[in-house]
Amino acid sequence: MKLIIAIIKTFKLDDVQDALSKIGVEGMTVTEVRGFGRQKGHKEVYRGSEYSVKYLPKVKIEIVVNKKLEEKVIKAIKNTAKTGEIGDGKIFSFDVDKAIRIRTGETGPKAI
Amino acid sequence: MKLIIAIIKTFKLDDVQDALSKIGVEGMTVTEVRGFGRQKGHKEVYRGSEYSVKYLPKVKIEIVVNKKLEEKVIKAIKNTAKTGEIGDGKIFSFDVDKAIRIRTGETGPKAI
Amino acid sequence: MKLIIAIIKTFKLDDVQDALSKIGVEGMTVTEVRGFGRQKGHKEVYRGSEYSVKYLPKVKIEIVVNKKLEEKVIKAIKNTAKTGEIGDGKIFSFDVDKAIRIRTGETGPKAI
Amino acid sequence: MKNLFYLFSLLLFSNLFGFTEVLADNGEAVLDTGDTAWIMTATALVLFMTLPGLALFYGGLVSSKNVVSALMHVIAIACLMSVLWLFGAYSIAFTDGGDLNKYLGSITEKFLFNNVEWNALSGTIPENVFFIFQLTFAVITPALMVGAYVERIKFSSVLLISGIWLFVVYAPVTHWIWGGGWLADLGVLDFAGGLVVHTTAGVSALVIAILLGNRNDFPNNVLPPHNPGLVMVGACMLWVGWFGFNGGSALAANSNAGMAMVVTHIAAATASLTWMGIEWFKNGKPGLVGLVTGTIAGLATITPASGFVDPKSAFIIGVAAGAICYYFSVLIKQTFNIDDSLDVFAVHGVGGMLGTIMVGFLANEAIGGTAGSLAQAKVQITGVVTVAVYSLIATFIIVKVVQTIIGLRVSDKDSQEGLDITSHGERGYHL
Amino acid sequence: MKNLFYLFSLLLFSNLFGFTEVLADNGEAVLDTGDTAWIMTATALVLFMTLPGLALFYGGLVSSKNVVSALMHVIAIACLMSVLWLFGAYSIAFTDGGDLNKYLGSITEKFLFNNVEWNALSGTIPENVFFIFQLTFAVITPALMVGAYVERIKFSSVLLISGIWLFVVYAPVTHWIWGGGWLADLGVLDFAGGLVVHTTAGVSALVIAILLGNRNDFPNNVLPPHNPGLVMVGACMLWVGWFGFNGGSALAANSNAGMAMVVTHIAAATASLTWMGIEWFKNGKPGLVGLVTGTIAGLATITPASGFVDPKSAFIIGVAAGAICYYFSVLIKQTFNIDDSLDVFAVHGVGGMLGTIMVGFLANEAIGGTAGSLAQAKVQITGVVTVAVYSLIATFIIVKVVQTIIGLRVSDKDSQEGLDITSHGERGYHL
Amino acid sequence: MKNLFYLFSLLLFSNLFGFTEVLADNGEAVLDTGDTAWIMTATALVLFMTLPGLALFYGGLVSSKNVVSALMHVIAIACLMSVLWLFGAYSIAFTDGGDLNKYLGSITEKFLFNNVEWNALSGTIPENVFFIFQLTFAVITPALMVGAYVERIKFSSVLLISGIWLFVVYAPVTHWIWGGGWLADLGVLDFAGGLVVHTTAGVSALVIAILLGNRNDFPNNVLPPHNPGLVMVGACMLWVGWFGFNGGSALAANSNAGMAMVVTHIAAATASLTWMGIEWFKNGKPGLVGLVTGTIAGLATITPASGFVDPKSAFIIGVAAGAICYYFSVLIKQTFNIDDSLDVFAVHGVGGMLGTIMVGFLANEAIGGTAGSLAQAKVQITGVVTVAVYSLIATFIIVKVVQTIIGLRVSDKDSQEGLDITSHGERGYHL
Ligand SMILES: Nc1ncnc2c1ncn2[C@@H]1O[C@H](COP(=O)(O)OP(=O)(O)O)[C@@H](O)[C@H]1O
Ligand SMILES: Nc1ncnc2c1ncn2[C@@H]1O[C@H](COP(=O)(O)OP(=O)(O)O)[C@@H](O)[C@H]1O
Ligand SMILES: Nc1ncnc2c1ncn2[C@@H]1O[C@H](COP(=O)(O)OP(=O)(O)O)[C@@H](O)[C@H]1O
């Protein structure tokens, strides 16, 4: 099994989730994060003073999938999360050692 | 060492933490996340219009433990986080390459 | 490639980020988390009743880097995040299998 | 505000009603400090309805990426309307327009509050108090319309539309009804603005919503109210402030004002429970946002009737307001698929028109000097139809003109990111 | 509100006190616009105490999963009590009950505000103003009790208990003290509701908390106040509104009202500092929630005394309020392990009773017509004991009955998930 | 508050101004219920400005780890000043100081409100109403200074500095101008506190900011306002309350009060739009925090002028306030690198001084009895300079003394963690 972590633009979440549902991904976990990267933060100006906001709001999604779905998932995310502008985000993938569904105790691919 | 990630129901956090303390887990990191899975979200109705809330509040706990504690930790989480109802969550485990305690610089199992 | 996860004290974030920039890290992802560890939580007292706050606010940073940068990154974090007091946090490192930049589709080290 | 005829009869029968004498020995009107105290208080209450009441009510209903923008709309409108009220709008509404007086006052006569003795009276209160009390009505009316266009409109268009609208719709209609114009002559009853405020704002809001187009995510992916607590706080402030709105419209501290407060309160409470009951029945759960929407519906509906009806009628009006406004909020959005985002038409427009018609039947002669009757109801319907049609046409033209000059909508990308950052460079919450 | 005897003496000595004359030449009472303006203002202020003041005060103290629910309790109670006040409760409190007048007014006489001339006077103000002013007291009293049962009660039980309670406890006790009943005859002093409002609410809250049972997480895992800022905002609104509560209870705009405002303010400020000082001393840190709890304790405690004491006594009352209410909040929760969740008894119950007794000693004859004395203190204690015992027994029965019919608590699972979603289908924050 | 001379002329010409007669047949002053109602209302409004208005305004501007602390500063100051006002500060400001009367009243004469008949009058209102109305001014003035020192000061120093400051700066300056002291003799115009409130607070704030030192993160890493919505809500409450502040300073419900409300409102709206316009032009985006800062600048600037100018002048004052205060907020922080964190000097200090000078030119004789002239402007400038210099020196000494006794700043570690937890043991949000 693989854990795929994608960091994407906030407003792309719904599109990505739709795309993943279509290829059979049934579960994922979403976290609000703040990103720092090539896309520089912005300045907010209050009363003539600048405040630099270095970190931009992003969304992180974590999906554990069967190895053979990995490529499809990556492709789906890549296609739907892309705007072509800087700051679109990253996809990382990792090996998962074990997976368990708490409700049933099922393990491995059946758990996800 | 192993990293164990568990996604559980929010209100189970205290129970799980108690159970882990009992078996000697001394540290963990908790994140508020939103989950998407078999347990479907709900609808909120405002002024007669439905708003679907697809993502449910969950809690993610991350624990790095010594390999030999791994099974005990998984079992403890499984037992305490389980309600038997859909949406109880998942446990995933990963290999950790290195661990360092910032305060002392200790590494490996001593760091956790 | 390596994923380095560091859990640090909230107010150290800016220092750590500066230090990482200096050694050439161009991207990272930051999450607000709550930590449980040797540093015990505190009590808040309202109207004479104690409320124990078990979890302390911490910040988690995730950085994917080229293997050869790994040690430099760990060192930089260790040095800047350290106050010497309990609760300074941890650094963990993992193997990353794949990395993709969504905007360009680049993979591997070029993606980060 | 009663129309002039009504004001006249009040003066005539003031002794009957237990008023303190308002004429000095030599027969000249004199200032009454109690009345003045009350209308100054009412002014503060009505300003409070808009700032921050209405702003919070709307701010809580939008998503968290548009909260600054919603607050900004309301307060910027409030500021601009205040200045324009001084720069001619008051004069259009409340001076004699000569030949055109049936339709309009004179824009120049009290432009900049010129030609007014600084301590001139209006009835038993200073005219400057009347000016500022009325100003708060002129401020809230275009601000009500914010609910129709949040989360997608350009900020500059908000200002431009509202500014023109004040002169073209609000000031003239006010003149018709409270400034001695043709609807006053006709004897239409509108105590505190069922027509002047709620019908004009509600109908115009619908027009803007249609011309502007729906939010991109409407109806399926719209985010729920980001903070029901704020909505409730805003509604409570509106409720409290409405005592000044309706009670102050008696322009005196007397039984008429007191009764206006009583019926206002009863209608609000009843409509709240009605709306809550409907939701409880239909969704299985009584919601906070629903209850307080009922509150506002009840308040808008009792507004035209508040100086003319008794508590029993207020109860009836409250039930009708809760049920009918609920029905319309579903109708507009679900059936007609119009994204009047925060239900301005369903709550204010429908409420204002409903109340204006109901007072035609329910008016209690003892209280307001007019008895409910079929004849009166016809007068009321005439008022509703003409004000609604006029608002519709005038607003249609205004919006089309503004659209041509500067456009109406922000880019899709900006609305996706949220107007807070893209239009105002601020973020609602740095928690 | 002073009792009738006191009102009478006021009228008698009005010239002495520098009042404007309230009787017309022919000896009939006439409306005073200044008094009317003030009581209408006071009405708005007292409504503001509940909506949104009290709602925010409680909303900030609960956990974030129950904030909508706390707000909902307060506003739904406010709506329901308002309607019931019209449907007979006012009549029970403030009409002559004939043979039973010592204990009760007549429910039918002013049911639906019937049999009241629309412009009838009550003293120098319209009776409808008196009606709506009193209504705001009837609204806030059961709403105070919300603090005892949040985070675990069924919403339907909230409505049912509060509704019955208004008729069985609030209206009769009001009649005893302000409506010419037996405690008024006895000469008990309760200017603005130390007994009528705070003792009834505080004692009843304790009874409900006991019968309902503690929150599942009490006392060890209860979450801290989710938003101290909201608590503070609510407390400030209560403070400001209390000027209307106590100052309005003079039922006139005069020195008596002014002095009530002064002592109210001094007691509130003093009790705030006292509570803050205690916490600073005991915990090493002065907290915001503590300070504002002291504010409310001071306000509740000065309430019965507010028209009868001078500023020096207000200072003494403030110190006593801060210290004793603090002590009781610890006692009830820690020692007796009773989950009166937001300390309604310790703050309102204890405060109301304490103030009622203290005014027996501290009353300044010049101000309120009664001098403090042991004799008066005994009268006061009689009042406290009977009102407390009556509230206790009556509420016990009401709660038992409601428990039998529809039950009291939500399921453990629902309270774990939070009442916002499970009872009301809304979430407090979508940030 | 007008100075005594002005009050006198008002009484003299009261008939001219359309006042109701304030003298009874036998020539003695009598209470006017309308005036009393209005000043009691104004008192509630001004308290509301501080609690929660100003607290929220400041609370929203700081970072989320210091929000409890900012709220705490404001409310603790409010409580402490209230008690000290009773314990002598009122007496210093508003009694006759005998030989020293040019500079000071007597601290003992009305200490604890002693030696005051409980129903004594002050003009047409009870003196106790005057006392509590003035108290609310004494409360807000030191609370304004909170904006200069948030996020780094020790809480005990806040209390100590504010307490001493009330006696050493506020009470004497008030005596000079409103209590019959030397600036009143000179004929300086300060209707509602341009000098007494805003100049003293603004200048003293700057002194504290300099002596305390900048926040560690200033200017580069300071966090942006954590909640612009709160800032806006606070500003709105300040705006509404300012009707009581300026309108109440007429000490009567008359045309003077009404005109004060009108010009207050116009100046606020105009300054808001001006500030918004400048930001729109300079940053490309109109921001909410900027707009409402303009509001407060406009309100502070019109304050001294509010009973003396007409609406046209109010518009001019509004434009000047928005532009000049904006300019100074940049100057102080960017150019001078002084961390007057929430711009107390730029907004209140500059606004108060600017308005005080402008009224010297713009005063309209018909309205306030004084015509604008170069001579009057010189008097005004004398007032500004002496009050500013006195505030500067006195505050410098106070702060140095407090610094020596208990120190000023929390540790760097504590300010890094946030004052909420480290000074008050509470967290602003548990969401
Ligand atoms: N090396 C990295 N490790 C972890 N997260 C990263 C890394 N680089 C970028 N990110 C995340 O991806 C987001 C987008 O990256 P950025 O460099 O701004 O643009 P792009 O993805 O277009 O190259 C960042 O905001 C950050 O959250
Ligand atoms: N494939 C997955 N990858 C990551 N997280 C998942 C995955 N599937 C489920 N989850 C997380 O687990 C939670 C519970 O899963 P769900 O399918 O709803 O119920 P159950 O665990 O009972 O099968 C989800 O809300 C989500 O946060
Ligand atoms: N075993 C662990 N797994 C995951 N996170 C941990 C673990 N132990 C500690 N942490 C995280 O590191 C933080 C600091 O750890 P703590 O034990 O309090 O102090 P120290 O790092 O000085 O030993 C904790 O708050 C928690 O977020």
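The basis for the numbers below is simple: all heavy atoms, side chains too, and nothing from hydrogens, waters or symmetry mates. In what follows, chains are A, B, ... by sequence order, proteins preceding strands, each numbered from 1.
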Between C:T31 and B:T31, the two heavy atoms sitting closest are CG2-CG2, 3.8 Å
Turns out that what part of C:I4 lies under 4.5 Å from chain B's heavy atoms comes down to neither
* To do: Answer yes or no: are there more than 12 heavy-atom neighbours, outside C:K22 itself, under 6.0 Å from its atom NZ?
  => no
Honestly, the part of B:A111 sitting under 4.5 Å from a heavy atom of chain C is backbone
The reported gap from NZ in C:K67 to CG in B:D97 (rounded to nearest 0.5 angstrom) is 6.5 Å
Any side-chain heavy atom of B:I102 within less than 4.5 Å of one from C:K9?
-> no
Rounded to the nearest 0.5 Å, the CE atom of B:M1 sits from the CZ atom of C:F92 at a distance of 8.5 Å
Of the listed C:I86, C:I74, C:D95, C:I77, the one with the largest count of heavy-atom pairs under 4.5 Å with chain B is C:I86
Exercise for the section: Answer yes or no: are there more than 12 heavy-atom neighbours, outside B:K54 itself, under 6.0 Å from its atom NZ? Expected result: yes
Distance col, row B:I63:CD1 vs C:F36:CZ, nearest 0.5 angstrom, shows 11.0 Å
Bottom line for B:L13: the part with an atom under 4.5 Å from chain C's heavy atoms is both
Taken to the nearest 0.5 Å, the spacing of C:K78 NZ from B:T107 OG1 works out to 8.0 Å
One should read off an interatomic distance between C:K90 NZ and B:T29 OG1, to the nearest 0.5 angstrom, of 9.0 Å
For B:R103 and C:K82, the nearest pair of non-hydrogen atoms, with its separation, is O-CE, 3.3 Å
Checklist entry - So does C:K72 have more than 12 non-hydrogen atoms from other groups sitting under 6.0 Å from NZ? => result no
Honestly, the part of C:Q39 sitting under 4.5 Å from a heavy atom of chain B is neither
When the 4.5 angstrom heavy-atom criterion is applied to B:T104 and chain C, the contacting part is neither
So, the part of B:E106 with a heavy atom under 4.5 Å from chain C: the answer is neither
Value for CD1 (C:I91) from CZ (B:R101), rounded to nearest 0.5 Å, stands at 12.0 Å
Next item on the list: List the steps and the verdict of side chain to side chain contact (heavy atoms under 4.5 Å, CB included) for B:E32 and C:R34.
Entry: CA-CA 9 Å; B:E32 316 280 339; C:R34 294 184 289 152; 2.7 Å; yes
